[in-house]
2 protein chains.
Amino acid sequence: MVLNIRKTEMLPELAVFKEFIRSRGLRQTQERDTIVLEIFRNREHFDVDELFLRLLAQGKKISKASIYRTLPLLVDCGLIREVNYEDGHWHYEQIYGRPHHCHLRCSHCGAIVEFEEPLLAVIEKNLAQTYGYQITKHILEVHGCCPRCQPSPAAPNHEEHHV
Amino acid sequence: MVLNIRKTEMLPELAVFKEFIRSRGLRQTQERDTIVLEIFRNREHFDVDELFLRLLAQGKKISKASIYRTLPLLVDCGLIREVNYEDGHWHYEQIYGRPHHCHLRCSHCGAIVEFEEPLLAVIEKNLAQTYGYQITKHILEVHGCCPRCQPSPAAPNHEEHHV
DNA sequence: ATCATTGCAAAAGCTTTGCATAAGA
DNA sequence: TCTTATGCAAAGCTTTTGCAATGAT
């Protein structure tokens, strides 16, 4: 059976964004849509400068001010989130439609593994019982050395690592 | 039995710092010592501006530049660590001589509970086995609403909260 | 026709840095 | 004496903001 995908089919993230804009009485603009579409073209983490340059490389000259004004909207409607503040600026990731996950990062090459950890629910329940908090969320980031960056058994040189 | 504490007894953190300075061939200065002593006068989290003002309030005019130059040294020798980047600047905490712990924060009033969680060791072991990483550390921050900020059963007004 | 949004440039805030002076070793 | 560290002010970066022009409703 051939799937009949209409050309007008909209990226789900864009639909969510448009609905959010509407519900807040804000205005739908080309710039905002362009930013959303660019962010969701892939699943890589991103930062403001990178996003700005990606848009520019496609001839889409959207000011950084507009990007800085749009990102908080995307955070508010649950499409993206701040991952961390590193190298002097914020890094973001797409979260819409994805299960909650944590990051395992290689300190050497920066490789990132995303994982889901059921034990965190247990930890949250324990904390709620022990301290009476109503837990809303958690951020867990684990650091380590990935297999590729570890010294191989044959050549135990702890200095060399994959970059 | 009366403990005989000599007046020359040194704050352990200061001793660690002096040894670190010596081992690196750096110079021991009054400013650095003053900064270390002020940081370890209590266990509260702190930021640069706050530390600067605390020193100033005691008539100790140490430039922010010196503070900014000293904090990385304290991080390097394991006396303090960056907790998070919030409100546009870094926040630090003292970690020397304390067991590793995580933070449970109230989103309303900012109250912080520090807790130790043995399950994180399990999580780390699982990650190491699953992905082949050599784990070095983790950062877990849990957010929620503390008991004082939760609406009381008698007056179920979800807007009111303790500040 | 309104009024929110954009782009630009300026401003704001935190952090870093160049340089002359002060002070450890 | 020889350097390193300090303080000040300037610079560097990211992010925010004021304002005139543009564009959505």
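In this text the structure is predicted, and so the values were computed from the model without any measurement. Chain naming here is simple, since letters A, B, ... match the order of the sequence lines and numbering starts at 1 in each.
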Between C/dC14 (P) and B/H91 (NE2): distance, integer Å:
10 Å
Look at the side-chain N and O atoms of B/S66 and state whether any lies under 4.0 Å from the OP1 or OP2 oxygen of D/dG7.
yes
Counting heavy atoms from C-beta on, name the nucleotide in C/dT6, D/dT6, C/dC14 closest to the side chain of A/T29.
C/dT6
Could you tell me the separation between the OH atom of A/Y85 and the P atom of C/dG13, rounded to a whole number of Å?
15 Å
Using a 4.0 Å heavy-atom cut-off, does B/R69 contact any base of the nucleic acid, only the sugar-phosphate backbone, or nothing at all?
base
Regarding the side chain of A/Q30, the nearest nucleotide among C/dT16, D/dA24, D/dT14 is D/dA24
Rounded to the nearest Å, what distance is computed from the NZ atom of residue B/K64 to the P atom of nucleotide D/dA9?
14 Å
Pair A/H103 + A/H45: ring centers closer than 6.0 Å:
yes
Send over the distance from A/L71 CG to D/dT14 C1', rounded to a whole Å.
13 Å
Mind checking whether A/F40 and A/Q94 have side chains closer than 4.5 Å, heavy atoms only?
yes
Is there a side-chain contact between B/Y68 and the phosphate of C/dT15, meaning an N or O under 4.0 Å from OP1 or OP2?
yes
DNA chain C: B/V48 or B/Q28, which has the more 5' nearest nucleotide?
B/V48
Please determine, for the side chain of A/I62, which listed nucleotide (C/dT5, C/dG7, C/dT17) has the closest atom?
C/dG7
Most 5' of A/D87 and B/I21 on DNA chain D, judged by nearest nucleotide
B/I21
Using whole Å, report how far CG of B/D47 lies from P of C/dT15.
8 Å
If I take atom CH2 in residue B/W90 and atom C1' in nucleotide C/dC14, what distance separates them, rounded to the nearest angstrom?
12 Å
Closest nucleotide among C/dG18, D/dT25, C/dG24 to the A/R27 side chain
D/dT25
Taken to the nearest whole Å, CD/B/E86 to P/C/dC14 is 14 Å
Are B/E86 and B/R105 within salt-bridge range, i.e. N to O under 4.0 Å?
yes
Have a look at B/L74 and tell me which of B/I95, B/V36, B/V16 forms a side chain to side chain contact (heavy atoms under 4.5 Å, CB included) with it.
B/V36
Output the rounded distance in Å from CG (B/D33) to P (D/dT6).
10 Å
Between the side chains of A/H101 and A/E93, is a donor N or O closer than 3.5 angstrom to an acceptor N or O?
yes
Just to be sure I understand the rule, does A/K61 reach a base, reach only the sugar-phosphate, or reach nothing, if contact means heavy atoms closer than 4.0 Å?
sugar-phosphate
